[in-house]
Amino acid sequence: MKKEKAGRKSGHETKPIKKHINKLVIRFFVFIFWIFIWEAACRIINQELFLPSPFSVLLSIIDLAAKQVFWLSILNSFIRIFIGFLLGIVSGAVLAVISYKSKLIYELISPLMKIIKSTPVASFIILALVWISSKNLSVLIAFLMVLPISFSNLLYGLKSTDIKLLEMAKVFRLSGWKRIKAIYLPALLPFLKSAVSVGLGFSFKSGIAAEVIGRPANSIGLNLYEAKLYLMIKELFAWTTVIIIISVLFEKIVVKLIGNYGHDKKYANKP
Amino acid sequence: MDIKVVNLNKSFNGQQVLNNVSMAFKNGKITCLMGASGKGKTTLANIMMGLQKADSGHIEGLQGKKISAVFQEDRLIEHWDAVKNIFLVCRKDFTEDYIHKNLNKIGLTDYEKKPVSSLSGGMRRRVAIVRALLAEYDVLIMDEPFKGLDFELKKQVIGYVKKMTEGKTVIIITHDKDEVEMLKADLVTMN
């Protein structure tokens, strides 16, 4: 019996640890570089009211972290924005699937998505304040910001699914679930990752903006507003830093989770 | 019941690919379909598989029949391994062990726990063949299934295909007369 070994390289090798460490070192120095620039700018201006130093912002964060209201505000804002984000991703996915199946539905939904995408966030926030309570404003705004991103990304992903594999599925009479698992999900995952990555950033930015205008109790937005109102610039920077940290951390976690779900670790060398 | 292709016509962008094609494939036999490139063999196979519609004419004897196929391209799920690919379409009563045995029968080793994207062209082709043979089917359509296999391997795979398809209706598109002889198949040509 003729035997043959795998012709191509399996590509199972993991990234060399050294390369990974190098990357981390570079990132660390980039971070230090920008902190240095910030510090230098701060010393040149020499006015804490206009530009506080990185160290005083750090102290301000530590100071804020000691208060219960800090954590409560983060939790409240995070939950509301996350709900809006999740609703946006799921609704966008559902609408993308329906639009993929029906040209008529696509024609119907597509202009709506374009309008949502092009409308300034401020217009939505002011308009929405008339309709709903300020507490739920960030949910709606985060939802509206994520919806068109999720819709267009996932629809594009569905449209770029390998037609030859879909034909194979048809000939072999594969069930809907098998088609989703084998063909659609792997094709959609990069687009979902991109939607989540972009959508999370947008939802945090717009959600906090909505809170600044709506000013619901115990929220990051209200704290930002008050910091600006009373010219507490260090706190303003501290809250902004916190928002950036939460947004980036959460994006990393969600994208990682999607990656882990979509990738069979055994065969991590997807082509 | 034999499969009968009756006065089939198909054109793409005004170019006639199938022109009044009529032919028959015997039930329970292997038939090789030969013809020069561009004569519409793959188009005919696609119409039989229900992937394309003929402009006119019809095919008898395929209604309600389950079809399995080896496509011109392998059409495997690239990031899955061979066994998982076969499991996706094979009969429910087939075990993983049985799949391994079948892969081994045609000389496939060193394929386990590797995505098919990392296998050589010949190995991928054989995975596609085993996948088609272990699926539930009444009619098997194979579009140049042995391309990329060297002579010895081709003999081995053809022997396996013959054994596995005994009594089944099989249509094999090929350019190679030796394959027709090795398969001891009926021959239909497209002019």
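Naming: A, B, ... by sequence-line order, numbering from 1 per chain.
Note on A/Glu107 versus A/Lys103: salt bridge recorded, some NZ/NE/NH1/NH2 to OD/OE distance being below 4.0 Å. With respect to the salt-bridge test (charged N to carboxylate O, under 4.0 angstrom), the residues B/Glu78 and B/Arg124 qualify.
In this structure, B/Asn7 CG and B/Ile59 CD1 are separated by 12.0 Å, a value rounded to the nearest 0.5 Å. Atom CZ in B/Arg131 sits 12.0 Å away from atom CG in B/Leu103 (nearest 0.5 Å).
Within the cation-pi definition used here (under 6.0 Å to the ring centroid, within 45° of the axis), A/Lys205 qualifies as a partner of A/Phe202.
Aromatic ring orientation, A/Tyr106 versus A/Phe151: parallel (interplanar angle below 30°, classes split at 30° and 60°).
Not counting sequence neighbours, A/Leu108 has no partner by the side-chain contact (heavy atoms from CB on, under 4.5 Å) test.
Contacts between residues 64-74 of chain B and chain A, counted as heavy-atom pairs separated by less than 4.5 Å, involve B/Lys66, B/Ile67, B/Ser68, B/Ala69, B/Phe71, B/Glu73. The contact list for residues 152-170 of chain A toward chain B, using heavy atoms and a distance under 4.5 Å, reads A/Lys164, A/Leu165, A/Glu167, A/Met168, A/Lys170 by residue number.
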N/O donor to acceptor pairs below 3.5 angstrom from side-chain atoms of residues 80-96 of chain A, sequence neighbours left out:
unit_1	atom_1	unit_2	atom_2	d
A/Arg80	NE	A/Lys135	O	3.3
A/Ser91	OG	A/Leu87	O	2.6

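Within 6.0 Å of atom CD in B/Gln15, 12 or fewer heavy atoms from other residues, nucleotides or ligands are found, so the atom counts as exposed in its surroundings.
Aromatic ring centroids of B/His100 and B/Tyr111 lie under 6.0 Å apart.
Residue with the most contacts toward chain A among B/Val89, B/Asn46, B/Ile141: B/Val89 (heavy-atom pairs, distance under 4.5 Å).
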